[in-house]
Amino acid sequence: MFYLRHLSLKNFRNYLRLELDLPRGITVIQGRNAQGKTNLLEAITYLATSKSLRALSDAEVVHWLAMEREPIPFAEVGGEVQYDGEVNHLRIVLTQQGGRGSGSGFRKVVTINGVRKRALDLMGLLPVVLFLPEDIDLVAGPPSGRRRYLNIVLCQMDREYCRHLDAYNKVVTRRNAQLRALQGRPFDENLIAFWDDALVEHGAYIIHKRQEVIAHLDIRAREQHRLLAGHEGRLRVEYRPSVDLSERGNVAPQEQLALKLPAQPVAYHPQPVLPESQIRKRFADLLTKVRAREVEAGVTLIGPHRDDMVFLLDGRDLRTYGSRGQQRTTALALKLAEVQVLEEALGASPVLLLDDVMSELDEERREQVLHVVAAVPQAILTTTDWADFSPDFLAVANCLQVEGGVIHPAYTLSR
Ligand SMILES: Nc1ncnc2c1ncn2[C@@H]1O[C@H](COP(=O)(O)OP(=O)(O)OP(=O)(O)O)[C@@H](O)[C@H]1O
Ligand SMILES: [Mg+2]
């Protein structure tokens with residue numbers, strides 16, 4: 001099991017300095033608006049994935065005062081993660097190149113147990129599942145958010161995925177440049193063949209893994225959704241790959257990899273997962289078909305960078321037909337499902353981070369969330385109002401209060 005036992009921050013968002021010990025089990029952090037609740041969960045996620053969930057640039061997470069006063073502005077996030085008997089010390093340091101006022105970008109240095117590593121190496125050392133109020137956008141928002149979501153889940157499960165994704169994105173950029181260079185010229189197959197091969201190689205891996213994880217999330221999210229709001233209908237999460245995989249006439253059913261999953265309480269069939277070789281072939285075939293259009297457009301028109309997934313309630317698309325409440329419940333079901341999917345993939349439960357989730361939920365939904373919270377080895381919840389939780393729940397939780405980027409025990413809490 002993974003457990004973050006210490007977090008240390010320097011100049012991260014509104015935390016100038018923070019040294020925080022965290023216990024196993026449940027921690028509740030209360031604070032008024034704009035005190036640093038989301039920032040704290042962002043910092044933990046940053047340590048886990050080396051990416052900010054909302055910052056557009058690295059500079060954004062560096063404390064304003066550090067930007068104004070430090071000769072070399074920097075921010076630091078460090079943590080001690082216990083996993084079985086072992087402790088890993090993770091650290092990310094951002095420093096402004098050229099110092100204050102240079103206007104230059106930030107350099108990110110990752111160390112694990114004091115040894116310099118790549119950002120990629122952090123993946124899987126502190127698996128987290130984070131739920132933010134704006135995660136309703138996963139259901140209601142644009143496809144880019146859903147691709148980002150899938151990438152974060154998969155990268156935490158599989159470093160190979162992360163490597164392929166990185167390579168794939170680079171190939172798309174270069175291939176687009178090549179496509180533009182071909183415009184208005186007699187077409188030469190050789191000039192694009194190299195990029196096609198690379199696109200298909202990395203892309204097929206990504207598609208295959210996305211198929212697998214969505215099939216898995218589908219089953220788990222349906223279960224969670226049933227527990228949260230069973231009367232509203234049955235949830236289905238489906239992959240909408242940009243590379244059309246539906247024409248699989250030449251794949252014998254037994255070749256489709258059966259998902260190794262426990263018995264299902266719902267009678268929905270697991271979604272098929274095609275072998276990677278099949279996806280590769282299909283992707284390559286389709287590329288030749290869209291070639292002329294791609295040259296004309298100067299961009300890569302098909303591939304995982306254009307993927308999407310949909311959420312259906314009794315077959316109806318929640319993006320179009322769902323109420324805000326239904327969309328929120330679905331996003332929450334997806335996140336709770338993610339806890340299980342990660343746990344099954346990693347053999348250990350991730351740390352669950354819930355940002356102000358209770359206030360929006362009715363009694364029944366709160367109970368189901370707390371049920372999951374109680375089952376994971378470590379959960380950190382934020383709230384503006386202690387009354388979101390029962391006294392019994394708070395009695396067994398580690399209760400903290402945050403004010404202006406300073407965290408202290410919630411002594412004043414009357415229980
Ligand atoms: N780089 C930064 N340096 C200093 N302060 C920052 C920086 N980025 C954001 N802040 C400030 O951090 C404060 C706390 O933000 P945070 O989003 O964590 O609040 P919160 O406690 O989650 O509030 P809410 O209940 O409204 O969600 C805000 O006042 C914001 O202006
Ligand atoms: Mg917040």
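Numbering starts at 1 and runs along the sequence shown. Atoms within each ligand, like the ligands themselves, are counted from 1 in listed order. From a predicted model like this one, the values you see are computed outputs, not experimental measurements.
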Under 2.8 Å from the Mg ion (ligand 2), which protein N, O or S atoms do you find? Ignore water molecules.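 Hits for the Mg ion (ligand 2) below 2.8 Å: Thr38 OG1.
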Decide whether Glu403 and Gln35 meet the rule of one side-chain donor and one side-chain acceptor closer than 3.5 Å. no
What verdict does the side-chain contact (heavy atoms from CB on, under 4.5 Å) test give for Ile192 and Leu287, after you've listed the backbone C-alpha separation in whole Å, the side-chain angles of each residue and the deciding distance to 0.1 Å? CA-CA 11 Å; Ile192 200 73; Leu287 273 180; over 6 Å; no
[X] side-chain N/O to [Y] backbone N/O, donor-acceptor pair under 3.5 Å:
X      : Y      : answer
Lys335 : Leu130 : yes
Gln156 : Val128 : yes
Asp21  : His6   : no
Asp317 : Leu312 : no

Enumerate the residue pairs fulfilling salt bridge (Lys or Arg N to Asp or Glu O under 4.0 Å) with a member in residues 161-171, sequence neighbours excluded, ordered by first and then second residue. Glu160-Arg163, Asp166-Lys170
Please assess Leu90 against Ile92 for the test side-chain contact (heavy atoms from CB on, under 4.5 Å), listing each intermediate value before the final yes or no. CA-CA 7 Å; Leu90 318 181; Ile92 303 177; over 6 Å; no
So which residues, sorted by chain and number, lie with a heavy atom under 4.0 Å of ligand 1? Arg13, Asn14, Arg32, Asn33, Ala34, Gln35, Gly36, Lys37, Thr38, Asn39, Arg54, Glu60, Val62, His63, Trp64, Thr384
Less than 3.5 Å apart, which donor and acceptor atoms pair up between the side chains of residues 376-384 and the rest of the protein, not counting sequence neighbours?
residue: Gln378; atom: OE1; partner: Leu4; partner atom: N; Å: 2.7
residue: Gln378; atom: NE2; partner: Leu4; partner atom: O; Å: 2.9
residue: Gln378; atom: NE2; partner: Pro23; partner atom: O; Å: 3.0
residue: Thr382; atom: OG1; partner: Asp355; partner atom: OD1; Å: 2.6
residue: Thr382; atom: OG1; partner: Asp356; partner atom: N; Å: 2.9
residue: Thr383; atom: OG1; partner: Asp385; partner atom: N; Å: 3.0
residue: Thr383; atom: OG1; partner: Asp385; partner atom: O; Å: 2.9
residue: Thr383; atom: OG1; partner: Asp388; partner atom: OD2; Å: 2.9

